[in-house]
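Presented below is the structure to which this report refers.
The sequence lines fix the lettering, A, B, ..., with proteins before strands; numbering per chain opens at 1. No hydrogens, no waters, no symmetry mates; every other heavy atom, side chains included, goes into these values.
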Amino acid sequence: MNVLALLRQRFAAALSELVEDPAPLVDLVRPSQGAQFGDYQANCAMPLGKQLGKPPREVAQSIVDRLEVDDLCETPEIAGPGFINLRLKQDWLAQQVAAALADPRRLAVERAEQPRNFVIDFSAPNVAKPMHVGHIRSTVIGASLVNVLSFLGHQVTSDNHIGDWGTQFGMIIYGYKNFRDAEAYRSQPVAELGRLYRLVSRLVDYQEGRKHSLPELTAQVETQTAALAEPATEPADEKQAKKAAKARKQAENRLRETQQKRAALADKLGAVEADGEAGPLAAAHPNIDALVLEETAKLHAGDAENRRLWEEFLPVCLEELEKTYRRIGVTFDHALGESFYHDRLAGVVDDLKQRGLARTSDGAVCVFLDGFDVPMIIQKRDGAFLYATTDLATLQYRVETFAADAVLYVVDHRQSDHFKMLFATARLWGLDQLEMEHLSFGTVMGEDGKPYKTRSGDTVGLTLLLDEAVERAHRIVCENDDAKPGGAELSADERRQVAEAVGIGALKYADLSHNRTSDYVFSYDKMLAMNGNTATYMQYAHARVRSIFARGDVSEAELAAASAELMLEHPAERALALELLRFSEALDATAAEYRPNLLTNYLFQLADCYSAFYQQCPVLKAETDALRLSRLRLCYLTANTLRLGLALLGIQVVEKM
RNA sequence: GCGCUCGUAGCUUAAUGGAUAGAGCACUGGUCUUCGGAACCAGGGAUUGCAGGUUCGAGUCCUGCCGGGCGCACCA
């Protein structure tokens, strides 16, 4: 039961007698800001009063006169400039909670009236590279949206659009042909391919730095120095002088930055040259950057040898990814990577050309779009296709194969321009009925405010990250268990399992509880903080509830089957009951805006309500048996709601911790 | 230079144009013969970057400025 949706229906009926289109006004019915304003409030009288030219309080009264909510609400109150405050009836509230209790699988959450077909594109790592910290957000947010939308009755297809066809394979192929350690490849193929990738990547970076970046930076330093050396024109007034001084300061800062960048790059190049292994290889392969591109091009052109190698490497790489997904409990319906669409790209370009949407410019096939400075290039001068081409082919495939109504991309915000152009092109192309959303998020930053890297400048592997989180969780679990007054109660095995749930849960929750397009600051300490708005707090709340049942020797079946009316006399009981009922609202809001943080907010608030209840209302020691049962049932629904809510976020709960 | 995005308490942050900007961390004080103290309660701490504007009402929408992050044809 979604109480908010029900109230909105009632308001729609009342408002339709007063106004042509009640929809925008109905949206102004919402949960109250504070308990003093009741449980729900309607803010529609003010704008309607404006519209009708009548005093808002008068309008509020005429809405209330037409409103039929006697069955679920106390008499509505009109407050302030014209707010309508609603308070749910105690017995109605009790009935709704009982209905949720009677439905342990769905907790009385209704399915969407109009199920849609979603395709969610998330995670999307490059198979040749290990997943790193930047992949967490996409993976975790995407997976939770899949869960929530599916739970609400939508048809959801999850698709991991992996990068299995790009330059990184050219690197591995080149590395394999030139640098492989045959013995290592035989015994540890993944590790050896990883080593080859890193080695070649380093050598390519070296050559590109030597040939392009370093000269470019050197030139920049020169022009910036020259610009600073130019004599300043005499400022006309004080304001201009200030402006000029500021501009000069900025220019100085820019120069310093460029110099620093140049020095850092020079150091890096020097380090490669001085390296015992990489140094000689760099000297022996001066054109490795071009040669790698050649290997990639040969793969794309169907070269037998490269194709064979690709087919040999790919399963190995995929298995490595699969290990990580298994550990964090993420699965996909499909993993149709870039290579899957390879055969369709030429057709896409032809079709766009034929429809007059694309034309050749400067040798490249481009789609020029209104409102964009640059075109979207779908075929390079040398004939190669780009990711824009692949993305268009992918969209077409998803509409044709999955009958998608909506395609969601969980990708970091740096690609927002790309998606804007992609969607605009797709709409011109005829996909104008399709909802396309770029669910963007910020870059993962370290606590120093720079992209999260190790001290040596490498990106941090996801495996290491998980290990560290679980390790820290394990230490805390052990400490806590050892400190229990009745002695430790977890076996070594159980401690491991709990640490896994707590560590990985903390990592996921930290990502899910933020909804920022700005950058995300990664911090072990913050995500693993075992109090506050964290997964651990929720898991702990759950474990505490469960322990009541164990201690009180309570039968769950009895709780589920009980039929007596719930007693909600105590304010904390009532507040908890109301919060439990809002689960459905939280899920709908999460689905409507594709924002898992609305669900984490809800769960945190629920845990908070439970804490207050737990503190103020004795359960096992309640005054009467009836009250004891009623409170136990509230506990039971709380535990179930926490468990289900966390499960939808991809987070496990435990019985004891 | 053009574009996107963000700026809320010391820190991390919440808030579909609605009432007194809500939390957590940290800080201060309190609760306890523990239905699990990884807890709870209370308190201090915010001109929501600045200046205008729209509105009955602005953290939210518009304009300008300041500051951070990111992106700007043939990488993904």
Atom [atom1] of residue position [X] - does it have more than 12 heavy atoms of other residues, nucleotides or ligands inside 6.0 Å?
{"X": "A/Asp553", "atom1": "CG", "answer": "no"}
{"X": "A/Gln652", "atom1": "CD", "answer": "no"}
{"X": "A/Glu77", "atom1": "CD", "answer": "no"}
{"X": "A/Lys54", "atom1": "NZ", "answer": "no"}

Atom pair distance, as rounded to whole Å: [atom1] in [X] and [atom2] in [N]:
{"X": "A/Leu422", "N": "B/A76", "atom1": "CG", "atom2": "P", "answer": "14 Å"}
{"X": "A/Trp165", "N": "B/C75", "atom1": "CH2", "atom2": "P", "answer": "17 Å"}
{"X": "A/Tyr602", "N": "B/A14", "atom1": "OH", "atom2": "C1'", "answer": "17 Å"}
{"X": "A/His300", "N": "B/A76", "atom1": "NE2", "atom2": "C1'", "answer": "12 Å"}
{"X": "A/His135", "N": "B/A76", "atom1": "NE2", "atom2": "C1'", "answer": "11 Å"}
{"X": "A/Met171", "N": "B/A76", "atom1": "CE", "atom2": "P", "answer": "12 Å"}
{"X": "A/Ile377", "N": "B/C72", "atom1": "CD1", "atom2": "C1'", "answer": "12 Å"}
{"X": "A/Asp27", "N": "B/G18", "atom1": "CG", "atom2": "P", "answer": "12 Å"}

Between [N] and [M], how far is it from one [atom1] atom to the other, in whole Å?
{"N": "B/G43", "M": "B/C25", "atom1": "P", "value": "15 Å"}
{"N": "B/G49", "M": "B/G44", "atom1": "C1'", "value": "24 Å"}
{"N": "B/G64", "M": "B/G69", "atom1": "P", "value": "22 Å"}
{"N": "B/U12", "M": "B/G3", "atom1": "P", "value": "29 Å"}
{"N": "B/G59", "M": "B/C35", "atom1": "P", "value": "44 Å"}
{"N": "B/C4", "M": "B/C41", "atom1": "P", "value": "45 Å"}
{"N": "B/A51", "M": "B/G24", "atom1": "P", "value": "30 Å"}
{"N": "B/C6", "M": "B/G17", "atom1": "P", "value": "14 Å"}

N or O in side chain of [X] less than 4.0 angstrom from [N] OP1/OP2:
{"X": "A/Asn597", "N": "B/U13", "answer": "no"}
{"X": "A/Asn480", "N": "B/A38", "answer": "yes"}
{"X": "A/Thr536", "N": "B/A38", "answer": "no"}
{"X": "A/Tyr610", "N": "B/G36", "answer": "no"}

Among the candidates [options], find the nucleotide nearest to the side-chain atoms of [X].
{"X": "A/Ser611", "options": "B/C40, B/C35, B/G36", "result": "B/C40"}
{"X": "A/Asp417", "options": "B/G71, B/A38, B/G69", "result": "B/G71"}
{"X": "A/Met46", "options": "B/C40, B/A76, B/G18", "result": "B/G18"}
{"X": "A/Arg551", "options": "B/A38, B/C72, B/G36", "result": "B/G36"}
{"X": "A/Asn601", "options": "B/A73, B/C35, B/A14", "result": "B/A14"}
{"X": "A/Leu598", "options": "B/A15, B/A39, B/G69", "result": "B/A15"}
{"X": "A/Arg595", "options": "B/A39, B/A15, B/G18", "result": "B/A15"}
{"X": "A/Arg414", "options": "B/G36, B/G71, B/A39", "result": "B/G71"}

Next item on the list: Identify, between A/Gln616 and A/Gln379, the residue whose nearest nucleotide on RNA chain B lies closer to the 5' end.
Entry: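 Going by which nucleotide is closer to the 5' end, it is A/Gln616.
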Item checked: Given RNA chain B, 5'-ward residue of the pair A/Glu338 and A/Arg8, judged by closest heavy atom ->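 Between the two, 5'-proximity favours A/Arg8.
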Using nucleotides 19-29 of chain B, report all nitrogen or oxygen pairs with the protein that are shorter than 3.5 Å.
| from | atom 1 | to | atom 2 | distance (Å) |
| --- | --- | --- | --- | --- |
| B/A19 | N7 | A/Gln41 | OE1 | 3.1 |
| B/A19 | N6 | A/Gln41 | OE1 | 3.2 |
| B/A19 | N6 | A/Asn85 | OD1 | 2.5 |

Within the distance-only criterion (no hydrogens, no angle test), does the side chain of [X] pair as donor or acceptor with the backbone N or O of [Y] below 3.5 angstrom?
{"X": "A/Tyr594", "Y": "A/Val410", "result": "no"}
{"X": "A/Gln539", "Y": "A/Ala501", "result": "yes"}
{"X": "A/Thr389", "Y": "A/Ile378", "result": "yes"}
{"X": "A/Ser630", "Y": "A/Met567", "result": "yes"}
{"X": "A/Asp164", "Y": "A/Ser339", "result": "yes"}

Check: Ring centres of A/Phe83 and A/Phe37 under 6.0 Å apart?
Finding: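 No, too far apart.
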Check: Between A/His161 and A/Tyr341, is the ring centre distance below 6.0 Å?
Finding: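 They qualify: ring centres under 6.0 Å apart.
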For [X], report the nucleic acid contact type (base, sugar-phosphate, nothing); a contact means any heavy atom under 4.0 Å.
{"X": "A/His514", "result": "sugar-phosphate"}
{"X": "A/Leu386", "result": "sugar-phosphate"}
{"X": "A/Met376", "result": "nothing"}
{"X": "A/Lys656", "result": "base"}
{"X": "A/Ala543", "result": "base"}
{"X": "A/Cys44", "result": "nothing"}
{"X": "A/Pro56", "result": "nothing"}
{"X": "A/Glu655", "result": "base"}

Item checked: Pairing annotation in dot-bracket form, given for RNA chain B with Watson-Crick or G-U pairs under 3.5 Å and | for cross-strand partners -> (((((((..((((....[...)))).(((((.......))))).....(((((..]....))))))))))))....
Item checked: Within 45° cone of A/Tyr602 ring axis and under 6.0 Å: A/Arg582 NZ or CZ ->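 Verdict for A/Tyr602: no cation-pi partner in A/Arg582.
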Checklist line | Residues A/Arg628 and A/Asp625 bridged, charged N to O under 4.0 Å | finding: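 No, A/Arg628 and A/Asp625 are not salt-bridged.
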Notebook entry, point to check: Would you call A/Glu489-A/Lys484 a salt bridge at under 4.0 Å N-O?
Noted result: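 So A/Glu489 pairs with A/Lys484 through a salt bridge.
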Check: Any donor-acceptor pair under 3.5 Å joining the side chain of A/Ser361 to the base of B/A73?
Finding: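 Such a pair exists between side chain and base.
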Checklist line | Chi-angle category of B/A73 [syn within 90° of 0, anti beyond] | finding: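 Nucleotide B/A73 adopts syn.
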Check: If you measure from the ring centre of A/Tyr387 to the centre of the six-membered ring in the base of B/C75, is it under 5.5 Å, with the planes under 30° apart?
Finding: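 No, A/Tyr387 does not stack on the base of B/C75, since the centre distance and plane angle fail the 5.5 Å and 30° test.
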